[in-house]
Number of protein chains: 2
Amino acid sequence: MHSFTEENYLKAIYHLSDANNTVVSTNSIAEVTNTKAASVTDMLKKLADKKLINYIKYQGVTLSNTGIQAAVNIVRKHRLWEVFLVEKLGFKWDEVHDIAEELEHINSASLIDRLDDFLGNPAADPHGDPIPDRTGTFVHKKLVKVSDLKEGQTGTISGVNEHSSLFLKHLEKLGLTLGTKITISDIIEFDGSIMLIADKTKERTISREVAKNILVIL
Amino acid sequence: MHSFTEENYLKAIYHLSDANNTVVSTNSIAEVTNTKAASVTDMLKKLADKKLINYIKYQGVTLSNTGIQAAVNIVRKHRLWEVFLVEKLGFKWDEVHDIAEELEHINSASLIDRLDDFLGNPAADPHGDPIPDRTGTFVHKKLVKVSDLKEGQTGTISGVNEHSSLFLKHLEKLGLTLGTKITISDIIEFDGSIMLIADKTKERTISREVAKNILVIL
DNA sequence: TTAAAAATTTAGATTAATCTAAATTTTTAA
DNA sequence: TTAAAAATTTAGATTAATCTAAATTTTTAA
Ligand SMILES: [Mn+2]
Ligand SMILES: [Mn+2]
Ligand SMILES: [Mn+2]
Ligand SMILES: [Mn+2]
């Protein structure tokens, strides 16, 4: 199996890449793993030796098929544990990320499959992110950033692009949680702030930065 | 906090020591941690620097008060996770040890306290071992090895000294699980094998080796 | 009481993961 | 088209955990 550290790199590359498995740069990996570029280069050589990534010196990396499989499995574990923490243990959605960051490395297929069943095979985690099934397949709902909506458009909040406690608590305070229906009432020209109506009654104003990190289904 | 490896050493020393916190030898630690004596010596120096153990060169070690606290906390986590695996996820008692060996290192006090509540604050794990509460206190029931019983004595199976799947499956097959009431009917002089009656009806013969690893309350 | 055996520690190496500083390659922009 | 800037890799070190072989200390048993 792969080490803790290797798994974190695989997951980082997976998240930095997109559905098209685009090339990821050394520096971007260093940033999300909180390491230096030189350390990343060493690890990339190792992951390439293990055939988990396609790596050409100075040209960046993509995950190999094996690498994608491994990464998706870690994501599956991360998200199932998050559901467990919120649904069964009563944690808030802004409290679970760091704990899941550790739990995702527990190594037992039967554990995670049983957990999946125990939770009722949930389709999404507490942040709205889809959970891959045991074969690694999952549907990605078509989500749009609130910052990309036009005046008058309506959508249902179904995901977030930012998982920090600070951001999630802010949403909570505004009442902009998953499932909330919103309508854009105004886009402020001065700084791009967005005014919206939540659940038909609550008027809210959010900065462009916040709007970029809220995802809706139209 | 302490590393994975440090935690495993602390737990090893704790289990090798007894309620009186007797001195533990380098070689015995090497045996249970699957390392060599030289590696243990290195680690003992490190744990002594951290004030987790009392270590005198060539004289063995005991846990310090801080060390005991840390060890008991790991044991608490190990046992609570075992209960979770058996009670909530439907694992058998012989399948949970290795997974709990990983889960015990997850680092979050609120996680483990919530898990404790979720499980209904169980007093014992699936092998009958007592679970320390969040302050680290726990009652050790007075248990006796079946191999120490005399002919005619009666007891209730309440624990095991051996956690391997091989042994636990054997007990399961014989119907000698936790809560079973047994009476010693004969002790074979030739090899010390023990014949007993389980639940008043089932006649069973077990080797002395097996008998040493089954614990009863009188 | 003391020599041999057993237990333990030390010396010197190795592997994984990381770092800083220097070298190299690629990209950018005049 | 090419020099400067940015990105990346290499070189050389460090820390944690481990090992084998040799040295030292303690224990055992004549
Ligand atoms: Mn992680
Ligand atoms: Mn999530
Ligand atoms: Mn462990
Ligand atoms: Mn147990």
Side-chain angles (χ1 to χ4, degrees), chain A residues 1-17 22-63 66-67 70-71 74 101-102 104-107, chain B residues 1-17 22-63 66-67 70-71 74 101-102 104-107:
Chain A
M1 258 305 100
H2 316 121
S3 73
F4 236 75
T5 314
E6 287 169 338
E7 290 193 342
N8 282 335
Y9 274 91
L10 287 173
K11 201 177 58 146
I13 297 168
Y14 178 81
H15 284 312
L16 286 167
S17 201
T22 49
V23 171
V24 171
S25 73
T26 300
N27 270 343
S28 64
I29 298 170
E31 194 179 341
V32 302
T33 55
N34 278 305
T35 55
K36 297 301 157 84
S39 311
V40 173
T41 300
D42 283 344
M43 181 55 82
L44 293 182
K45 286 180 196 160
K46 198 171 156 196
L47 295 174
D49 283 348
K50 289 192 166 195
K51 315 270 188 208
L52 292 164
I53 60 172
N54 310 114
Y55 172 51
I56 306 168
K57 242 191 195 185
Y58 290 103
Q59 306 292 301
V61 284
T62 59
L63 290 172
T66 332
I74 302 162
E101 204 59 42
E102 292 188 46
E104 70 189 0
H105 303 289
I106 302 291
N107 203 339
Chain B
M1 259 303 101
H2 315 122
S3 74
F4 238 73
T5 314
E6 288 169 337
E7 290 194 342
N8 282 336
Y9 275 90
L10 287 173
K11 199 176 59 147
I13 298 168
Y14 178 81
H15 284 311
L16 286 167
S17 202
T22 50
V23 172
V24 171
S25 74
T26 299
N27 270 342
S28 64
I29 298 170
E31 195 178 340
V32 303
T33 55
N34 279 306
T35 56
K36 298 301 156 86
S39 311
V40 173
T41 300
D42 284 345
M43 182 55 83
L44 293 183
K45 287 180 196 161
K46 199 171 155 194
L47 294 175
D49 282 349
K50 289 192 164 195
K51 313 269 189 210
L52 292 164
I53 59 172
N54 309 114
Y55 172 50
I56 305 169
K57 244 191 193 186
Y58 290 104
Q59 307 290 304
V61 284
T62 58
L63 291 172
T66 332
I74 302 161
E101 204 59 40
E102 292 189 46
E104 70 190 1
H105 302 289
I106 302 292
N107 203 339

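What you see below is based on every heavy atom in this structure, not just the backbone, and it leaves out hydrogens, waters and symmetry mates. In what follows, chains are A, B, ... by sequence order, proteins preceding strands, each numbered from 1. Since we're looking at a predicted model, the values are computed, not measured.
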A.B. asks: B/Leu47 CG to D/dA16 P: how many Å, rounded?
C.D. replies: 12 Å
A.B. asks: For C/dA3, give its Watson-Crick or G-U wobble partner with both distances under 3.5 Å, or none.
C.D. replies: D/dT28
A.B. asks: NA contact type, A/Thr41, heavy-atom cut-off 4.0 Å: base, sugar-phosphate, or nothing?
C.D. replies: base
A.B. asks: Taking the side chain from A/Thr22 and the backbone from A/Ser17, do they hold a donor-acceptor pair closer than 3.5 Å?
C.D. replies: no
A.B. asks: Given atom CG of B/Leu44 and atom C1' of C/dT9, what is their separation to the nearest angstrom?
C.D. replies: 11 Å
A.B. asks: What is the distance, to the nearest angstrom, from the NZ atom on A/Lys50 to the C1' atom on C/dT15?
C.D. replies: 13 Å
A.B. asks: Respond yes when some side-chain nitrogen or oxygen of B/Lys36 is under 4.0 Å from OP1 or OP2 of C/dT9, and no when none is.
C.D. replies: no
A.B. asks: Could you state the atom-to-atom distance from CZ of B/Phe4 to C1' of D/dT18 in whole Å?
C.D. replies: 17 Å
A.B. asks: Can you tell me the distance, in whole Å, between the CG atom of A/Asp42 and the C1' atom of C/dT20?
C.D. replies: 13 Å
A.B. asks: OP1 or OP2 of D/dT8 versus the side-chain N and O atoms of A/Asn27: is any pair under 4.0 Å?
C.D. replies: yes
A.B. asks: Starting at the 5' end of DNA chain C, which residue's closest nucleotide do you reach first, A/Glu6 or B/Ser25?
C.D. replies: B/Ser25
A.B. asks: Does a side-chain N or O of B/Tyr55 approach OP1 or OP2 of C/dT9 to a distance below 4.0 Å, or not?
C.D. replies: yes
A.B. asks: Rounding to a whole Å, what distance do you find between A/Gln59:CD and D/dA7:C1'?
C.D. replies: 11 Å
A.B. asks: Looking at C/dT26, C/dA7, C/dT10, which one has an atom nearest to any side-chain atom of B/Lys57?
C.D. replies: C/dT10
A.B. asks: How many Å lie between CD1 on A/Ile29 and C1' on D/dT8, as a whole number?
C.D. replies: 12 Å
A.B. asks: With sugar-phosphate meaning primed atoms plus P, OP1 and OP2, does B/Tyr9 contact a base, only sugar-phosphate, or nothing at under 4.0 Å between heavy atoms?
C.D. replies: sugar-phosphate
A.B. asks: Kindly check if the number of other-residue, nucleotide or ligand heavy atoms within 6.0 Å of NZ (B/Lys51) is above 12?
C.D. replies: no
A.B. asks: Should A/Thr41 and A/Lys57 count as side-chain neighbours, where that means a heavy-atom distance under 4.5 Å?
C.D. replies: no
A.B. asks: Side chain of A/Ser39: nearest nucleotide among C/dC19, C/dA7, D/dT18?
C.D. replies: C/dC19
A.B. asks: Are side-chain heavy atoms of A/His2 and A/Leu52 found at a separation under 4.5 Å?
C.D. replies: yes
A.B. asks: Side chain of B/Ala38: nearest nucleotide among D/dT20, D/dT24, C/dT25?
C.D. replies: D/dT20
A.B. asks: OP1 or OP2 of C/dT9 sitting under 4.0 Å from any side-chain N/O of B/Thr26?
C.D. replies: yes
A.B. asks: Tell me: CD1 of A/Ile56 to P of C/dT25, nearest whole Å?
C.D. replies: 16 Å
A.B. asks: Taking pairing as Watson-Crick or G-U wobble with both contacts under 3.5 Å, can you name the mate of C/dG12, or confirm there isn't one?
C.D. replies: D/dC19
A.B. asks: For the residue pair A/Tyr9 and A/Val61, establish whether any side-chain heavy-atom pair is separated by less than 4.5 Å.
C.D. replies: no
A.B. asks: Could you work out which one of D/dT25, C/dC19, C/dT25 sits closest to the side chain of A/Thr35?
C.D. replies: C/dC19
A.B. asks: What I'd like to find out is whether the side chain of B/Leu44 reaches to under 4.5 Å of the side chain of B/Ile13, using heavy atoms alone.
C.D. replies: yes
